[in-house]
Protein chains: 2
Amino acid sequence: MGAALALVGKGRHFASLGIREVTRQAGVVPTSFYRHFRNMDDLGLQLVDELGLVLRRMMREARANVLQSDKLIEESVGIFVAHAQANRSFFLFMAQGLAGESRAVQEGIRSEMRFFASELANDLRRLRLMDHLSDADLDLTCDLVVRTVAFSLTDLLSVSPGDDYQIGQIRKRTTRFLQMIFVGAGHWQSDGA
Amino acid sequence: MGAALALVGKGRHFASLGIREVTRQAGVVPTSFYRHFRNMDDLGLQLVDELGLVLRRMMREARANVLQSDKLIEESVGIFVAHAQANRSFFLFMAQGLAGESRAVQEGIRSEMRFFASELANDLRRLRLMDHLSDADLDLTCDLVVRTVAFSLTDLLSVSPGDDYQIGQIRKRTTRFLQMIFVGAGHWQSDGA
DNA sequence: GCTCGATGTGTACACTTGTTCACTAATGTG
DNA sequence: CACATTAGTGAACAAGTGTACACATCGAGC
């Protein structure tokens with residue numbers, strides 16, 4: 001799994017990886033692959049599981065550091081950007097998988113995103129922010145937020161990892177996106193008028 | 001190019017296609033490939049160009065049918081969904097390319113999206129909607145709108161083409177996303193307070 | 001009518017690929 | 001200690017891959 005991630009990190013697309021290629025990168029003979037996975041899709045699914053752990057770690061850190069609700073959005077985006085850089089390959093895999101070849105991987109990533117959105121909704125409820133929104137509308141908002149952040153991933157991962165200026169730009173832009181969404185949510189009336 | 005699109009439409013990922021595979025689908029001998037393209041990346045770039053045409057056609061239709069600004073958002077989303085279904089393979093290719101293997105294709109698609117966003121900004125300016133926004137903030141809004149729609153593509157393309165119920169759900173949800181964004185834009189003050 | 005450029009064909013070569021099978025080295029439990 | 005399980009090995013095979021080269025076909029313009 002580490003070898004596959006490494007290849008993805010080097011710019012390859014997961015869908016184009018082969019068993020031999022992965023085992024070569026892992027410094028292991030091709031047949032060893034079958035000791036751990038039935039095929040590449042299987043490997044992908046297990047990577048999705050690990051991706052879940054990464055996302056949960058990120059959430060935990062966000063919750064710990066964003067208690068003072070002053071610059072809530074800005075801080076959260078900062079943490080996201082930091083994790084995206086620290087786990088570049090994982091997030092590359094995630095961005096690729098959303099439109100990937102394996103339906104199962106696709107569904108897995110989508111499901112991680114749904115989970116993330118629902119946790120965000122819980123947090124907002126607990127903090128008594130957005131109290132005027134119905135449950136459905138809060139879900140809508142959080143879904144939109146998660147999508148927006150996920151799309152920023154694409155920007156983030158397309159600039160070279162060391163380009164701090166561009167990364168800063170993306171962070172600022174993403175922050176403004178979220179601010180605009182929350183302004184919209186703040187003035188939202190459920191009938192949609 | 002048609003053959004490559006056909007394979008993408010059948011669920012394959014563009015990054016995993018090979019020259020022989022494409023020519024086989026095209027009913028042509030492998031060496032013929034080189035009469036038209038230098039390699040697969042080249043093919044991808046030419047597909048991006050054609051994708052540009054598809055998007056422009058969509059824009060033209062949207063402009064023609066959405067003059068009465070009553071249900072502007074709803075109608076636009078409807079047209080988008082219709083085109084996404086009519087040109088399924090093209091949009092699949094677009095969704096894949098955003099996190100694809102070829103940096104050039106990636107940049108090409110991103111550039112098409114920027115163009116789309118700037119055209120949208122022009123239209124909104126011309127219709128005198130969002131008149132209180134600065135140029136930069138209008139660009140921000142349109143960028144967010146285009147991203148949101150592009151992400152919906154992923155949802156749209158992951159359900160089977162005939163599943164009208166789910167497609168309707170996605171259309172409604174996307175519409176609400178855009179409405180929320182525009183509510184946010186309507187109450188936006190450029191200092192970001 | 002002839003030539004030329006564009007398109008397609010057939011053959012060939014050197015690799016790479018997925019998967020199989022029988023075998024070996026290490027590991028931790030009784 | 002012996003034993004079973006787990007992870008890794010090496011050789012082998014049929015099939016697929018990218019690319020090169022010389023040759024065939026065909027339609028447009030002089």
Side-chain angles (χ1 to χ4, degrees), chain A residues 1-53 89-90 92-93 96-97 99-109, chain B residues 1-53 89-90 92-93 96-97 99-109:
Chain A
M1 294 169 68
L5 269 189
L7 288 170
V8 166
K10 280 183 190 165
R12 301 292 314 279
H13 193 291
F14 184 78
S16 78
L17 297 182
I19 289 176
R20 283 185 116 103
E21 202 176 358
V22 171
T23 56
R24 195 181 312 131
Q25 165 81 24
V28 142
V29 98
T31 47
S32 280
F33 181 88
Y34 298 98
R35 298 287 176 202
H36 307 272
F37 317 99
R38 310 214 346 274
N39 47 46
M40 284 300 288
D41 272 22
D42 190 17
L43 205 183
L45 283 178
Q46 295 199 220
L47 275 180
V48 172
D49 290 346
E50 273 210 24
L51 175 66
L53 299 180
S89 303
F90 260 117
L92 267 168
F93 171 73
Q96 293 181 355
E101 190 159 64
S102 155
R103 195 53 59 112
V105 168
Q106 224 172 111
E107 193 44 50
I109 292 179
Chain B
M1 293 168 68
L5 269 190
L7 288 169
V8 167
K10 280 183 190 164
R12 302 291 315 278
H13 194 291
F14 183 79
S16 79
L17 297 182
I19 288 176
R20 285 186 113 103
E21 202 177 358
V22 171
T23 55
R24 195 182 312 131
Q25 166 81 26
V28 143
V29 99
T31 46
S32 279
F33 181 89
Y34 297 99
R35 299 289 177 198
H36 306 272
F37 317 101
R38 309 216 345 276
N39 48 48
M40 283 301 286
D41 272 22
D42 190 17
L43 205 183
L45 283 178
Q46 297 200 217
L47 275 180
V48 172
D49 290 347
E50 272 211 25
L51 174 66
L53 299 181
S89 303
F90 261 116
L92 266 167
F93 171 73
Q96 293 181 355
E101 190 160 63
S102 156
R103 194 54 56 113
V105 167
Q106 222 172 113
E107 192 45 50
I109 292 179

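Bear in mind that the values here come from a model prediction, so they are computed numbers and not experimental data. Naming: A, B, ... by sequence-line order, numbering from 1 per chain.
Ranking C:dT17, D:dG18, D:dG8 by closeness to the B:Tyr34 side chain, first place goes to D:dG18.
Regarding A:Arg24, its CZ atom lies at a distance of 13 Å from the C1' atom of C:dG18, rounded to whole Å. Distance, A:Asn39 CG to C:dT17 P: 17 Å, rounded to whole Å. Between the CD atom of B:Glu21 and the C1' atom of C:dT17 there is a distance of 13 Å, given to the nearest Å. Distance CG (A:Asp41) to C1' (C:dT19): 16 Å, rounded to an integer number of Å. The interatomic distance linking A:Ile19 (CD1) with D:dG8 (P) rounds to 15 Å, in whole Å. The CZ atom of B:Phe37 sits 10 Å away from the P atom of C:dT7 (whole-angstrom rounding).
Heavy atoms only, all atoms of each residue included: B:Glu21 and B:Leu17 are closest at OE1-CA, 3.6 Å. The shortest heavy-atom contact between B:Arg12 and A:Glu101 is NE-OE2, 3.0 Å. Closest approach of B:Gln25 to B:Ala6, counting heavy atoms only: NE2-CB, 3.7 Å. The two atoms that bring B:Leu43 and B:Ala4 nearest to each other are CD1-CB, 4.1 Å, heavy atoms only.
A:Arg38 comes within contact range of no nucleotide atom at all, as no heavy-atom separation falls under 4.0 Å.
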What N/O pairs connect the protein and nucleotides 9-14 of chain C at under 3.5 Å? Give each pair on its own line.
residue, atom, partner, partner atom, Å
C:dT9, OP2, B:Val29, N, 3.1
C:dG10, O6, B:Thr31, OG1, 3.1

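Using cut-offs of 30° and 60° on the angle between ring planes, the pair B:Phe14 and B:Phe93 is perpendicular.
Regarding contacts with the backbone of D:dG8, a side-chain N or O of A:His36 is found under 4.0 angstrom from either OP1 or OP2.
A:Ser32 places no side-chain N or O within donor-acceptor distance of the main-chain N or O of A:Val28, the cut-off being under 3.5 Å.
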